[in-house]
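Notes to accompany the following structure.
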Amino acid sequence: MARRPPFPGPVHGLALLALLGASTLLAQPAGTIQDEALVAPYTLPDPLRFQDGRPVRDAADWREGRRPEVLRLFEEQVYGRAPAGPATLRSEVVETDSKALGGRATRRQVRVLLDDRGGGFDLLLYVPNGAARPVPAFLVPNFGGNHTVHPDPAIRLSTSWVRDRTGGGNHRATEASRGIAAGSFPVERILDRGYALATFTYADFEPDHREGLRDGVRARFGPGPDALGPSDWGAIAAWAWGLSRALDFLETDRDVDARRVAVLGHSRLGKTALWAGARDERFAMVVSNDSGEGGAALARRRFGETVKAITGAFPHWFAPRFREYAGREEALPVDAHLLLALVAPRPLYVASATEDLWADPRGEFLAAKAAEPVYRLLGRDGLGVDEWPAPDHPVGGTIGYHLRRGPHALTAYDWEQVLAFADRHLRPAAAGGLAPPAASRASPARCSSTGPTRRSSRWSGVDVDLDGDQLLHRPPVGAARRAAFRP
Ligand code: GTR
């Protein structure tokens, strides 16, 4: 079969970039590689060989040896070490409506407290009314505040820092930004497919700027802004930590099956979703949409954004140590394929876009391909193809991939492929397969409009006291359980 050009040739590429508008080209550092022919040969670290050169012989070797080694290397060299979750986590349902979106959904807006000094985040949850509960869910962090994901007037305006593109010019949310990100959050479509949608704004955990760490969880849960060591957590690790805190809450919500939560992120939040899914094996499925450098794209290709470019433009995103690899990607003990391999054997979806050269769409596919040996070692299939697929031709088994025709964005097309993939892995019944086992946890009493009721329940095998949907306290995490879900 004639080999399909991996991507429209250099001439087409430049014309395409011109189409994207000179500004993008201008925005990229001189010397940015956008032509496959300019990618220098590189050697990836072997997923199935320990750092000391010993081969990974079997699944046990991976689980007990190589996987922890890879995780530690990403913590030390790229994203930084994050603390375990807070021992106490309280939540309060601040608004709920069982007839939201014209009766299609139950909406819950929850304030989740991370400490007793008011630290916390606002989670917006939509649960489909038409599906048997508990339902699987997508957990998707947003950029501009929960009120931006849908024009639903009942969504509370975010009180956190927002990127000025969506705020009133002072990084404060305004009504003007209500629903502006709805194109990336097809809420009704997700609900109609039988999934709940949970979202929060990443800035609730840390505002996305160089001094943001002074107002975020890195300051609250240490080490303080002026005591950051070379391998201490960066902002991406702080946002990923936030995803685990949101999952902590979802584990207490009776309508959500916390064993079937897919974490999905776009762009910088795609990097975040990958790192959260790698660290926290409670996530049943992980989706990276156009995550690029520091996410699903192989750093060693130096195609599009590089370690130098990203650590220069966003020094707060990674552990300070990561910038030491600027221009020295070959010295990195890891690369994106190992990040993807940390998700194994769970379903993983990687989405790219043809015009998103900065994110190296081909590099995202090649990383997924290079993660396959770990999936196979753990008894799962991978992508099922060797060639980079043509645009708009989704592929994959336990690792899914598509290259959407178009720009850097999270679109309805991306969601359609992800929903079909999720149906195969999280709702096999919907895809004509077996139904998942009945929910094991006691289903908590309904949160009535007159407010919560006290009762005890079990939370991940631990007795807890709940008041309606409010988790009164979470008992100290036992060593075994901490080991179980670590973050
Ligand atoms: C760009 C950055 C990319 C990507 C993107 C985004 O500026 O260079 O790595 O993360 O932002 O998150 O929108």
Side-chain angles (χ1 to χ4, degrees), residues 17 20-21 23-34 78-79 140-145 148-149 161-167 171 177 180-181 183-185 199-203 205-210 212 234-240 242-243 263-276 287-319 322-323 325-326 329 332 335-336 339 350-364 367 404 406-411 414:
L17 284 177
L20 281 179
S23 64
T24 318
L25 196 56
L26 289 172
Q28 292 167 8
T32 296
I33 294 178
Q34 303 259 352
V78 181
Y79 301 107
V140 188
N142 66 66
F143 284 100
T148 64
V149 309
W161 175 98
V162 291
R163 292 161 69 177
D164 249 348
R165 262 183 282 178
T166 57
H171 297 293
S177 56
I180 57 163
S184 296
F185 287 84
T199 186
F200 61 86
T201 185
Y202 73 143
F205 289 90
E206 181 165 315
D208 186 4
H209 58 84
R210 294 168 189 235
I236 289 174
W239 300 323
L243 284 164
V263 58
L264 181 153
H266 170 64
S267 203
R268 68 198 65 187
L269 295 177
K271 311 177 209 291
T272 302
L274 284 171
W275 183 230
V287 182
S288 153
N289 194 79
D290 302 354
S291 60
E293 185 69 26
L298 291 173
R300 278 172 171 73
R301 285 171 42 86
R302 293 196 179 101
F303 189 105
E305 190 171 27
T306 60
V307 173
K308 183 164 184 282
I310 201 168
T311 52
F314 306 100
H316 57 295
W317 283 359
F318 299 94
F322 188 49
R323 75 183 70 123
Y325 295 101
E329 281 85 351
L332 260 173
D335 209 320
L339 178 64
V350 175
S352 302
T354 55
E355 295 167 27
D356 194 11
L357 301 184
W358 186 238
D360 186 10
R362 182 184 169 92
E364 294 175 318
R404 171 178 47 75
H408 177 81
L410 173 56
T411 70
D414 297 314

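Order of appearance sets the numbers: ligands from 1, and atoms from 1 within every ligand.
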If only side-chain N and O atoms count, and only distance matters, is there a donor-acceptor pair under 3.5 Å linking [Y] with [X]?
| X | Y | result |
| --- | --- | --- |
| Ser267 | His408 | yes |
| Trp317 | Asp208 | yes |
| Asn142 | Thr201 | yes |
| Gln28 | Glu305 | no |

Is [X] close to ligand 1, meaning an N/O of one under 3.5 Å from an N/O of the other?
| X | answer |
| --- | --- |
| Arg268 | yes |
| Trp358 | yes |
| Trp317 | no |

Worksheet item: Which atoms of ligand 1 are found less than 4.0 Å from any heavy atom of Ile310?
Response: 9 (O)
Worksheet item: Which atoms of ligand 1 have any heavy atom of Phe314 under 4.0 Å away?
Response: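 Those atoms are 2 (C), 7 (O), 8 (O).
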Practice prompt. Output all residues satisfying side-chain contact (heavy atoms from CB on, under 4.5 Å) with Ala238, sequence neighbours left out; order by chain, then residue number.
Written response: Glu206, Val217, Arg218, Trp233
Item to complete: From atom 9 (O) of ligand 1, work out which of Glu305, Glu293, His408 has a heavy atom at the shortest distance.
Response: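 Selected option, by shortest heavy-atom distance: Glu305.
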Worksheet item: With Arg300, which residues qualify under salt bridge (charged side-chain N to carboxylate O under 4.0 Å, His left out), at least two apart?
Response: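 Here the qualifying residues are Asp335.
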Worksheet item: Does ligand 1 have any atom sitting under 4.0 Å from a heavy atom of Lys271?
Response: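 Heavy atoms of Lys271 do come under 4.0 Å of ligand 1.
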